[in-house]
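In what follows, a single structure is set out as structure tokens and then discussed.
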Amino acid sequence: MSANGVNGVHSSVVRPLTAGIYAPIPTFFLPESEDLDIPSFEAHVVRVATAGVGPLLAGSMGEAHHLSHGERIRLITAARKALDLLASTIELNNEAAAAGADYAIVIASGYFAGAIANNKKALKGFWTEVAAKSPIPVIIYNYPGASGGIDLDSDLITELAMECPNLCGVKLTCGNVGKLTRIAASVSGPEFSQLYPRTKDTAPFLVLGGFIDFLVPSAFADAHGAITGLGNLAPHAIAKLFALAEAARKDPSILPEALRLQGIIARADFTIAKTSIAGTKFLLEKVYGYGGLPRKPLVGLEPSAAQALWEHPHTQDVIALEREISGKTKA
């Protein structure tokens, strides 16, 4: 997530992990060599953070499986340098901490999913050891589609939250609203923090959706925001949606406007997410002038599919909303 420190030495600045919206940042590559396109990456991190959306580096949207450890560290260092604010395995967590990362997000490997997907003891043991040995707090990344079908249930996640003080949250890209509601009901109250304090008091246990299409309902369930790929394309709109959702909890008169934005953003999330990393990168190229292609073996969109995505009313509606809220005639 965000970065803290330079050249392996952490500074005294503390950047708390807070409720809100985070975007999994794409990794940009030079078209011929597929080397990292650091200037485009830095420009995008600044753009997203300026809108009030927190960058998350080298996740699934960032094609983490196509990156070497050294490339991941270069991305953390570049993000940290670009903003002086921002910035899987135990080895990588240590490397990330040395590079200046404040938090790590870790997914269970799907390589042995057939053996461990239904083995609660093995899954619990993995997360317990990762959290205990990580020098920075860890977010659980529950994404069955990228981990061979491994899907942690609400009971296991809640147990881990209670027993592992260095865990600071969960990203639920399973899209299970009921699971999010159950976990939030267990961990979001002040009594949880008193009974199960975290290793760092600036890193509470956050319950974050992996999609943005149910942000308003999740706010009323006491969840804490989302990590959403759409935050790359429409960061101002999504930050506004989060602010409205939180405000509507105290002032119901705000709810209709929150639901209006939620509808536009939910439809766009559904349409754009179906095109995965290639679709997001195509739209970034179209709107902001950078994006490029995924790293092989992933491929870009076919021209007809790209045009259809660009012309889709859901896409055009969210781009118009982003331009409206950002105050720009061009996003």
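For the numbers below, each heavy atom of this structure counts, side chains included, while hydrogens, waters and symmetry mates do not.
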_More than 12 heavy atoms of other residues, nucleotides or ligands under 6.0 Å from CZ of F270: yes or no?_
no
Shortest non-hydrogen pair, K171 vs G209, comes out as CG-O, 4.4 Å
Within the 4.5 Å heavy-atom criterion, are K179 and I183 side-chain neighbours or not? yes
d(Y22 OH, L17 CG) to nearest 0.5 Å is 4.5 Å
ask   = Can you list the steps and then say if I25 with F41 is a side-chain contact (heavy atoms from CB on, under 4.5 Å)?
value = CA-CA 8 Å; I25 302 298; F41 174 80; 3.7 Å; yes
For F220 and L255, the nearest pair of non-hydrogen atoms, with its separation, is CE1-CD1, 4.0 Å
By side-chain hydrogen bond (donor to acceptor under 3.5 Å, both in side chains), K124 pairs with (sequence neighbours left out) E159, E163
* Flag the pair I264 / R267 as yes when at least one side-chain heavy-atom distance between them is below 4.5 Å, and no otherwise. => yes
Hey, is the main chain of L215 close enough, under 3.5 Å, to the side chain of Q262 for a donor-acceptor pair? yes
query: Is E34 reaching over with its side chain to a backbone N or O of R295, donor-acceptor style, under 3.5 angstrom?
result: no
query: Is there a side-chain contact between I238 and T228, using heavy atoms and a 4.5 Å cut-off?
result: yes
Practice prompt. Evaluate side-chain contact (heavy atoms from CB on, under 4.5 Å) for T315 paired with D317, printing each intermediate quantity in order.
Written response: CA-CA 5 Å; T315 303; D317 286 349; over 6 Å; no
Margin query: For a 4.5 angstrom cut-off between non-hydrogen side-chain atoms, does I157 reach L172?
Written below: yes
One should read off an interatomic distance between K121 NZ and I116 CD1, to the nearest 0.5 angstrom, of 14.0 Å
Apart from L293 itself, members of its ILVMFWY cluster (side-chain separation under 4.5 Å) are none
Y290 meets the side-chain hydrogen bond (donor to acceptor under 3.5 Å, both in side chains) criterion, sequence neighbours left out, with H44, R47
Taken to the nearest 0.5 Å, the spacing of L244 CG from L259 CG works out to 10.0 Å
message: As a quick check of understanding, evaluate side-chain contact (heavy atoms from CB on, under 4.5 Å) for I139 and L167, giving each step before the final call.
response: CA-CA 6 Å; I139 297 173; L167 289 176; over 6 Å; no
In short, A131 meets C164 closest at the heavy-atom pair CB-CB, 4.2 Å
Is any side-chain heavy atom of C174 less than 4.5 Å from a side-chain heavy atom of Y143?
no
Quick one: does S186's side chain have a donor or acceptor within less than 3.5 Å of a partner on R182's backbone?
yes
Q) Between S134 (side chain) and I136 (backbone), is there a donor-acceptor pair under 3.5 Å? A) yes
Flag, side chain of H224 to backbone of V207, donor-acceptor distance under 3.5 Å: yes
side-chain hydrogen bond (donor to acceptor under 3.5 Å, both in side chains) filter on Q316, not counting sequence neighbours, yields none
Residues 214-225 vs salt bridge (Lys or Arg N to Asp or Glu O under 4.0 Å), sequence neighbours excluded, gives D222-R249
> Just wondering, more than 12 heavy atoms not from N118 lying within 6.0 Å of its CG?
Replying inline: no
* Asked: Is there a donor-acceptor contact under 3.5 Å from the side chain of R198 to the main chain of Y196?
  -> yes
Can a donor-acceptor pair be found between the side chains of H236 and S326 at a distance below 3.5 Å? no
Distance col, row C168:SG vs N166:CG, nearest 0.5 angstrom, shows 7.5 Å
* Asked: Under 3.5 Å, side chain of T280 to main-chain N/O of I277, donor-acceptor pair present?
  -> no
In this structure, CZ of F282 is separated from CD of E302 (nearest 0.5 Å) by 12.5 Å
For L30, is there any backbone N or O sitting under 3.5 Å from a side-chain donor or acceptor partner on D37?
no
- Do the non-hydrogen side-chain atoms of Y141 and I227 ever get within less than 4.5 Å of each other? no
Linked, directly or transitively: L309 and V299 (ILVMFWY side chains, under 4.5 Å)
no
Report yes if some heavy atom in the side chain of P297 is under 4.5 Å from a heavy atom in the side chain of H66; otherwise report no. yes
On a heavy-atom basis, the closest approach of G20 and L208 is O-CD2, 4.2 Å
Test side-chain contact (heavy atoms from CB on, under 4.5 Å) on T77 and I73 and set out the steps.
CA-CA 6 Å; T77 303; I73 300 310; 4.0 Å; yes
One should read off an interatomic distance between L283 CG and H312 NE2, to the nearest 0.5 angstrom, of 11.5 Å
Say whether L206 and L56 are linked into one hydrophobic cluster, either directly or through other cluster members, by side-chain heavy-atom distances under 4.5 angstrom.
yes
- Within the side chain of D151, is there an N or O that forms a donor-acceptor pair under 3.5 Å with the backbone of P144? no
Correct closest heavy-atom pair for A268 and L230 would be CB-CD2, 4.2 Å
For I319 and W310 the tightest heavy-atom approach is CD1-CZ3, 3.3 Å
Worksheet item: Is there a side-chain contact between M162 and T158 (heavy atoms, below 4.5 Å)?
Response: yes
Applied to residues 272-283, the salt bridge (Lys or Arg N to Asp or Glu O under 4.0 Å) test, sequence neighbours excluded, yields E63-K281
- Message: Looking at E71 and R74, is any side-chain nitrogen of the basic one under 4.0 Å from a carboxylate oxygen of the acidic one?
- Response: no
When hydrophobic residues are tied together by side-chain contacts of less than 4.5 Å, even through go-betweens, does V48 share a cluster with M61?
no
Legend entry - Check: G229 main-chain N/O paired with N232 side-chain donor or acceptor under 3.5 Å: yes
